[in-house]
Amino acid sequence: MRIDLHAHSTASDGTDSPAELVRKARAQGLDVVALTDHDTTRGHAEAARAVPEGLTLVPGAELSCRLNGTGLHLLAYLFDPQEPALLAERELVRDDRVPRARAMVGKLRELGVPVEWEQVARIAGDGSIGRPHIAEALVELGVVPTVSDAFTPDWLADGGRAYVPKHELDPFEAIRLVKAAGGVTVFAHPLAVKRGRVVPESAIAELAEAGLDGIEADHMDHEPETRARLKGLAADLGLLATGSSDYHGSRKTCSLGEYTTDPEVYGEIIRRATGAFPVPGTGGVRA
Ligand code: AMP
Ligand code: ZN
Ligand code: FE
Ligand code: FE
């Protein structure tokens with residue numbers, strides 16, 4: 001069983017449509033893929049209609065959170081997408097992304113970069129808009145060579161010259177809301193230091209105390225020793241340890257299934273979830 005529990009589509013800042021994503025997942029030999037767009041479940045319906053035979057789709061989302069000034073991402077799986085309290089929070093975070101992206105474009109223009117809002121809006125399409133879309137505009141303009149190169153203090157990194165914060169959830173509240181909606185939570189790339197500041201390990205322990213289910217250990221932004229450290233921490237704290245690609249299509253170098261989750265860990269996630277069911281593929285014949 002090959003299980004990848006973290007992937008993005010055009011519903012947020014990935015480059016494959018939800019339908020393309022599930023087809024590629026099967027073509028890459030995956031048995032299970034989770035669709036975890038930033039702060040939105042908008043891609044679920046399209047993905048669910050297209051799940052190929054032999055693949056199972058796990059509906060999820062990656063929630064933007066902030067703890068004591070440090071941004072963090074919480075993967076949420078198999079929650080009830082209609083549950084009103086969590087839905088309202090997702091909408092708040094997602095809707096705030098638009099004025100925030102406009103403000104970042106304004107800052108870039110003040111810095112002399114001739115980026116236009118229309119350009120960024122075109123790149124984002126109808127996806128939940130974020131820094132990777134703006135980064136791609138900077139690539140198009142020749143300001144930086146790659147999307148990654150825009151995530152520096154000069155440009156879009158946390159606290160960078162053109163950075164603007166967005167509304168984010170308190171992770172303790174997010175864990176409570178996801179649980180109340182029948183879902184399971186996994187702290188995404190908790191020690192991805194190359195992206196900026198990370199929370200201390202004591203915070204991971206407090207989140208575990210508050211009901212966090214797992215941590216993502218195997219991830220492209222963790223060095224091998226960090227992965228091992230996180231697996232040890234998971235064992236100490238009674239947390240599940242997952243592995244996933246965080247696939248974003250052509251916007252990141254990681255391919256689908258590059259990191260995977262142990263089937264037993266996946267089984268435990270499924271067992272704990274009560275808000276939604278995984279969607280087994282029927283070859284795309286579902287109405
Ligand atoms: P936002 O949600 O708009 O704040 O943007 C965060 C997104 O930027 C996440 O999806 C990350 O995948 C992406 N990101 C963060 N750091 C980097 C980086 N160094 N290189 C490429 N993408 C990044
Ligand atoms: Zn992303
Ligand atoms: Fe993330
Ligand atoms: Fe992600």
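Below, each value reflects all heavy atoms present in this structure, side chains not excepted, and no hydrogens, waters or symmetry copies. Just so you know, ligand 1 is whichever comes first in the structure, and atom 1 is the first atom listed for that ligand.
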K.L.:
Do Ser255 and Glu258 have side-chain atoms, one donor and one acceptor, less than 3.5 Å apart?
P.N.:
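The answer is yes; a qualifying pair exists.
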
K.L.:
Do you know which of Leu35, Asp37, Thr36 makes side-chain contact (heavy atoms from CB on, under 4.5 Å) with Ser12?
P.N.:
Asp37

K.L.:
Pick from Lys252, Lys24, Arg23, Arg251: which one makes a salt bridge (charged side-chain N to carboxylate O under 4.0 Å, His left out) with Asp16?
P.N.:
Lys24

K.L.:
Which heavy atom of Ala273 sits nearest a heavy atom of Leu78, and at what distance?
P.N.:
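Minimum heavy-atom contact is CB-CB, 3.5 Å.
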
K.L.:
Show the short N or O contacts, below 3.5 Å, that ligand 1 makes with protein N or O atoms; if there are none, say 'none'.
P.N.:
unit_1, atom_1, unit_2, atom_2, d
ligand 1, 2 (O), Arg97, NH1, 3.3
ligand 1, 2 (O), Arg97, NH2, 2.9
ligand 1, 2 (O), Lys166, NZ, 3.4
ligand 1, 3 (O), Arg97, NH1, 3.3
ligand 1, 3 (O), Arg100, NH1, 2.8
ligand 1, 3 (O), Arg131, N, 2.8
ligand 1, 4 (O), Arg100, NH2, 2.9
ligand 1, 4 (O), Arg131, NE, 2.9
ligand 1, 4 (O), Arg131, NH2, 2.9
ligand 1, 4 (O), Lys166, NZ, 3.0
ligand 1, 10 (O), Asp13, OD2, 3.1
ligand 1, 10 (O), His38, NE2, 2.7
ligand 1, 10 (O), His248, NE2, 3.4
ligand 1, 12 (O), Lys252, NZ, 2.8
ligand 1, 20 (N), Ser148, OG, 3.0

K.L.:
Ignoring hydrogens, what is the shortest heavy-atom contact between His44 and Leu57? Give both atom names and the distance.
P.N.:
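Between these two residues, the closest heavy atoms are O-CD2, 4.3 Å.
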
K.L.:
More than 12 heavy atoms of other residues, nucleotides or ligands under 6.0 Å from CZ of Arg229: is that the case?
P.N.:
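No, CZ of Arg229 has 12 or fewer neighbouring heavy atoms, counting only those of other groups under 6.0 Å.
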
K.L.:
Quick one: which of Ile204, Leu72, Val193 gives a side-chain contact (heavy atoms from CB on, under 4.5 Å) with Val198?
P.N.:
Val193

K.L.:
Return all protein N, O or S atoms below 2.8 Å from the Fe ion (ligand 4), chain by chain in residue order.
P.N.:
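Only His6 NE2, His8 NE2, Glu62 OE1, Asp246 OD1 fall inside 2.8 Å of the Fe ion (ligand 4).
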
K.L.:
Taking the six-membered ring for Trp, are His248 and His38 parallel (under 30°), tilted (30 to 60°) or perpendicular (over 60°)?
P.N.:
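Taking His38 first and then His248, their aromatic rings sit tilted (interplane angle of 30° to 60°).
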
K.L.:
I'd like to know if the side chain of Thr260 pairs up with that of Arg2 as donor and acceptor (distance under 3.5 Å, no hydrogens or angles considered).
P.N.:
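No, Arg2 and Thr260 have no side-chain donor paired with an acceptor closer than 3.5 Å.
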
